[in-house]
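For reference, the structure discussed in these notes is given below.
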Amino acid sequence: MITRTIVFLSLAALATCQGDAADPKETNYKKFIGEQDYKLPFKTRVSEPLAVGQTIHAVGTLSEKPTRVDFNFHKGSAKDADLPLHFSIRFNEGILGSGKLIYNTFENGNWSEDEQRISNPFKAGQEFDLRVRVLEGKFQVFANRVEVGVFTQRLPLDGIDHVSIRGDLSKLRLFHYGGRIFPNPYMAVAGLTPGKRLDISALPKGKRVNINLYRENKEYALQVSIRYNEGAVVRNAMTSNVWGKEEREGKFPLDKKQVFDITIINEEFSFQIFLNNQRFTTFSHRGSPNDIKTLEIDGDVEIQTVTINDAPGV
């Protein structure tokens with residue numbers, strides 16, 4: 001028997017959705033939550049302690065001729081503060097300058113002798129999407145949505161209060177952290193009324209991921225079924241508790257080995273659906289747009305973050 005625990009998604013506790021009012025609505029829809037232009041080099045104080053399940057996510061653009069980008073967790077603001085996590089992306093090391101991603105720690109004024117090196121997954125002049133997920137005793141690392149390594153935590157998480165990014169980025173447009181260890185299935189009281197957007201980041205683990213939005217009477221207002229085994233994203237809804245016609249149009253844009261981001265925006269006449277920051281489709285409402293009460297995510301999936309925010313431009 002599957003137990004479904006319903007939790008409440010608190011809007012006040014979620015990130016503020018940054019959007020430029022001068023930008024077209026479509027442009028704002030494609031942005032991540034909190035996307036803006038950040039000053040480089042970047043260093044910020046984290047407002048709450050890092051915890052197991054959280055993902056620290058940074059997105060920018062690499063310069064055309066980069067040599068190095070450093071990503072650090074700090075214990076304190078001092079220049080010689082301990083670094084429980086130091087990633088250094090080196091573009092001028094390795095065979096024929098292919099580059100290396102280096103993991104190390106800095107404690108009591110000394111670098112650890114255990115410097116771990118893997119191939120550099122990033123390319124000059126292209127997008128830099130780095131996600132570090134905190135697990136029990138480990139850091140799980142994704143580069144441009146692909147898992148590139150799991151690294152042992154050598155120092156406790158307690159006391160980490162700053163994160164910094166510096167080096168050869170021409171632009172940094174996102175820094176965000178959040179999430180937790182989510183149950184599967186996951187249910188939450190959502191209240192996705194017109195003008196709100198739902199954002200989910202998750203890692204597929206098998207054939208299918210279902211994202212369900214329910215009405216107050218438990219009828220499906222929308223199901224987005226991501227079917228990796230079929231190469232299709234299937235959309236459907238119920239009317240009078242009877243399934244309607246499936247909508248399957250659209251080239252399958254996802255990879256079963258990559259983290260995906262899905263955004264669902266509730267407008268007056270339809271849901272706008274985006275996958276990995278690109279428009280995927282529109283799904284016309286088959287009932288009241290004001291009666292979207294509950295979210296459920298299930299299937300072969302590891303959920304990383306779930307947020308609901310205002311959608312600029314609606």
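Heavy-atom basis, side chains included; hydrogens, waters and symmetry copies ignored.
- Under the 3.5 Å distance criterion, with hydrogens and angles disregarded, no donor-acceptor pair is assigned to the side chains of Q223 and Y214.
- Ring geometry for F128 versus F122: interplanar angle of 30 to 60°, hence tilted.
- A distance of 10.0 Å separates CD of E93 from OG1 of T67, quoted to the nearest 0.5 Å.
- The aromatic rings of W243 and Y220 are tilted relative to each other, their planes meeting at an angle between 30° and 60°.
- Side-chain N/O atoms of H86 and T105 include no donor and acceptor closer than 3.5 Å.
- Around the CZ atom of R166, the shell of radius 6.0 Å holds no more than 12 heavy atoms that belong to other residues, nucleotides or ligands.
- A donor and an acceptor atom, one from each side chain of T294 and E296, are nowhere located under 3.5 Å apart.
- Atom CD of E246 has more than 12 heavy atoms from other residues, nucleotides or ligands within 6.0 Å.
- Classified by interplanar angle (parallel below 30°, tilted 30° to 60°, perpendicular above 60°), the ring pair Y103/F151 is tilted.
- K196 contributes atom NZ, which lies 3.5 Å from atom CG of D310 (distance to the nearest 0.5 angstrom).
- For H57 and F142, the ring centers sit 6.0 Å or farther from each other.
- With 3.5 Å as the limit, one finds a donor-acceptor pair spanning the side chains of Q272 and T282.
- Within 6.0 Å of atom NZ in K43, more than 12 heavy atoms from other residues, nucleotides or ligands are found, so the atom counts as buried in its surroundings.
- The aromatic rings of F73 and F139 sit perpendicular, their planes meeting at an angle over 60°, well past the 30° parallel limit.
- Between F271 and H285, a ring centre-to-centre spacing shorter than 6.0 Å is recorded.
- Atom CD of E136 sits in a sparse spot, with 12 or fewer heavy atoms from other residues, nucleotides or ligands closer than 6.0 Å.
- In the displayed structure, K100 atom NZ is contacted under 6.0 Å by more than 12 heavy atoms of other residues, nucleotides or ligands.
- Ring pair F182/Y186 is perpendicular by interplanar angle, where above 60° counts as perpendicular and below 30° as parallel.
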